Amino acid sequence: MSDTGGGHRASANALRDAFDELYPGQIEVDIVDIFTDYGPFFPINAFVDIYKIMAEYPILWEITYKSGATPFGLWFNELVLEFLCFDAFKKGVARQSGGTDCRADMVVSVHPLTQDIPLKILNYLDTDGRSRKEGRTTPFATVVTDLGGAHPTWFNPGVDKCFVPSNALNKAARDRKVQAEQIIQYGLPIRRGFWADRGENTSGSSASGGNFFEDLFAGFAGETKKTVASSPKSKLQEKLELKGNLPTVLIVGGGDGMGGIIQQAIALGEKLAAKGAEDGKIYQMVVVCGKNENAQNTLSSKDWGENVNVVVNGFVDNMDEWMRSSDVIVTKAGPGTIAEASICGLPCMLSSYLPGQEEGNVPFVEEAGFGTYSGNPTKIAETVSTWLSSPEMLSSMKEAALKAARPTATVDIAQDLAAMLFEYKRNQAQSASVKELELIA
């Protein structure tokens, strides 16, 4: 993976947590940012910093993204990465993994640039250097962490399994010659706080009776541990020191605070204050600024008036609770946040997106009926205030969001990956047994 955006590591952490939950002590997970940790020189080992710069200037991102998606761009990317990074990245793939003295038994990619070259490295390692094109025996899977659209580099027909979250990306994988039997569609891997009981909405997953995690743990030794389920909204609001029974909007700027959060919050806060004075109501707005200290300080010092209660936070690690305490979310069109919001039944006001990478997430939300997009703070304020003042509209959009939700995806993916890993280890053991018998004979 690479830490170009928070979603890749968040997905990796979610899968690690699911392995720990389902198979305690049986699977060691080693999360590697291969570009930062093993990039041979600048700019390859500075991808994270370069990404942050391009995210601030979307035109740079759009040029890079779209040129890299052309046939020439794809060919050039593979050529350059193999020529410059093969030996350096090989050290990362071949290194001792976790607490063991050998390399990893399986490789899982959660980044679009970590398909082609890791597959070539595994071919090389598994054939003792005889080939980069074939001979791989180490299991390799891709878990796509985009939602409504994805770069072509995500999809490589050489993988064992490719996990996709949506119909659009299922088609994108097939367009890149990944076969139907290689593709598995569950949803996005999301943080532990958004995992669900079977009793909650589980659209897209097989239905069965009983508790979700009891079903998942059936056949495994030890005591089951129930994952966080939704708490009653009023109790969460009390815990978070919010005022209860108020129409509440949550504005988030991502962990890095990007997305014009100051302008959005001021426009929406002033609109809600005016609307509250007009109709005699009080509204509530929660702003999560992430690491954007300037936004936090600016918004915390503002006088918002009597008809809107405003809570301003920096970085939070309990986003599931803030979402479950709200009625609407304003957010950039990041795939993870959209997936998490749908699980909480939150209508989504999308405020920005990265061209190409997140562009497809807008129609994903709009066509599913639980949100819309505008980059104009005034339009955002007007739209959200209309939603908050209409219980009927909120109820309809909440239902649409829950219909689009895939709360079991993380655990479903982890189970399939574990099955691949355990089968590989069994085959290894059987092969070693046969060799031993041949030697004795």
Side-chain angles (χ1 to χ4, degrees), residues 1-14 31-70 73-74 76-78 80-82 84-85 88-89 92 108-118 142-155 165 169 188-191 252-261 288-295 315 331-339 350-362 375:
M1 61 151 284
S2 174
D3 281 310
T4 49
H8 303 296
R9 184 168 292 274
S11 293
N13 288 340
I31 300 175
V32 181
D33 182 339
I34 198 162
F35 286 92
T36 299
D37 296 343
Y38 291 93
F41 42 71
F42 183 88
I44 297 169
N45 59 7
F47 270 14
V48 175
D49 292 332
I50 293 172
Y51 167 82
K52 291 178 180 178
I53 294 172
M54 289 196 294
E56 288 284 350
Y57 302 96
I59 186 63
L60 296 179
W61 179 262
E62 183 173 17
I63 293 170
T64 303
Y65 184 97
K66 292 186 175 180
S67 62
T70 64
L74 292 168
F76 186 74
N77 173 72
E78 292 180 7
V80 169
L81 283 181
E82 183 175 4
L84 298 179
C85 301
F89 285 6
V108 179
S109 166
V110 291
H111 193 277
L113 293 181
T114 52
Q115 272 64 238
D116 181 71
I117 190 166
T142 298
V143 179
V144 181
T145 62
D146 283 320
L147 186 58
H151 199 274
T153 50
W154 272 113
F155 308 109
L169 298 199
L188 280 177
I190 41 89
R191 291 173 284 189
V252 298
D256 49 16
M258 293 180 181
I261 194 169
V288 177
C289 300
K291 298 176 183 178
N292 189 333
E293 294 182 3
N294 177 53
F315 182 85
T331 176
K332 69 187 290 288
T337 304
I338 291 171
L350 304 179
S351 58
S352 64
Y353 60 82
L354 283 176
Q357 180 179 351
E358 295 175 345
E359 195 168 348
N361 298 340
V362 174

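Note that the structure is predicted; figures quoted are calculated from it, not measured. This chain uses plain numbering: 1 for the first residue, then up along the sequence.
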Which heavy-atom pair separates [X] from [Y] by the least distance, and what is that distance?
X: L147; Y: P335; result: CB-CB, 3.6 Å
X: I261; Y: A295; result: CG2-CB, 3.7 Å
X: D146; Y: P165; result: O-CG, 2.9 Å
X: G149; Y: N361; result: N-OD1, 4.1 Å
X: G5; Y: Y51; result: N-CE2, 3.3 Å
X: A55; Y: L354; result: CA-CD2, 3.9 Å

Original post:
Using a distance-only test with no angle check, is there a side-chain donor-acceptor pair under 3.5 angstrom linking H151 and T153?
Top reply: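 Distance-only check passes for H151 and T153.
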
Original post:
How about S2 and H8: does a side-chain donor come under 3.5 Å of a side-chain acceptor?
Top reply: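 Checked: S2/H8 side chains show no N/O donor-acceptor pair below 3.5 Å.
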
4.5 Å side-chain heavy-atom contact, [X] and [Y]:
X: W154; Y: L169; value: no
X: T114; Y: M1; value: no
X: P152; Y: L74; value: yes
X: L350; Y: K332; value: no
X: C85; Y: I44; value: yes
X: R191; Y: N13; value: no

Short question: side chain of [X], backbone of [Y] - any donor-acceptor pair under 3.5 Å?
X: E62; Y: I59; result: no
X: D3; Y: V48; result: no
X: S109; Y: T142; result: no
X: T337; Y: G334; result: no
X: N45; Y: P40; result: no
X: Q115; Y: H111; result: yes

**OP:** Applying ring-ring contact (aromatic ring centres under 6.0 Å, His included), name anything that partners Y38, two or more places apart in sequence or on another chain.
**Re:**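 For Y38, no residue satisfies ring-ring contact (aromatic ring centres under 6.0 Å, His included) once neighbours in sequence are set aside.
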
**OP:** State which residues pass ring-ring contact (aromatic ring centres under 6.0 Å, His included) with F35; sequence neighbours excluded, sorted by chain then number.
**Re:** F47, F89

**OP:** Kindly compute the distance separating CD1 (I50) from CG (L60), expressed to the nearest 0.5 Å.
**Re:**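 One finds 11.5 Å between CD1 of I50 and CG of L60.
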
Original post:
For atom OH of Y57, is the number of surrounding heavy atoms from other residues, nucleotides or ligands below 6.0 Å larger than 12?
Top reply: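 Incorrect, the count does not exceed 12.
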
Original post:
Excluding sequence neighbours, so at least two apart, what forms side chain to side chain contact (heavy atoms under 4.5 Å, CB included) with D49?
Top reply: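 Listed in chain order: nothing, the list is empty.
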
**OP:** Start with the C-alpha gap between I34 and I117, add the side-chain angles, then the distance that decides, and say whether side-chain contact (heavy atoms from CB on, under 4.5 Å) holds.
**Re:** CA-CA 11 Å; I34 198 162; I117 190 166; over 6 Å; no

Subject >> Trace of the side-chain contact (heavy atoms from CB on, under 4.5 Å) decision for L81 with D116 >> reply: CA-CA 9 Å; L81 283 181; D116 181 71; over 6 Å; no

Subject >> Stepwise side-chain contact (heavy atoms from CB on, under 4.5 Å) test for E56 and I53 >> reply: CA-CA 5 Å; E56 288 284 350; I53 294 172; 5.8 Å; no

Subject >> Verdict with reasoning, W61 to Q357, per side-chain contact (heavy atoms from CB on, under 4.5 Å) >> reply: CA-CA 9 Å; W61 179 262; Q357 180 179 351; 2.8 Å; yes

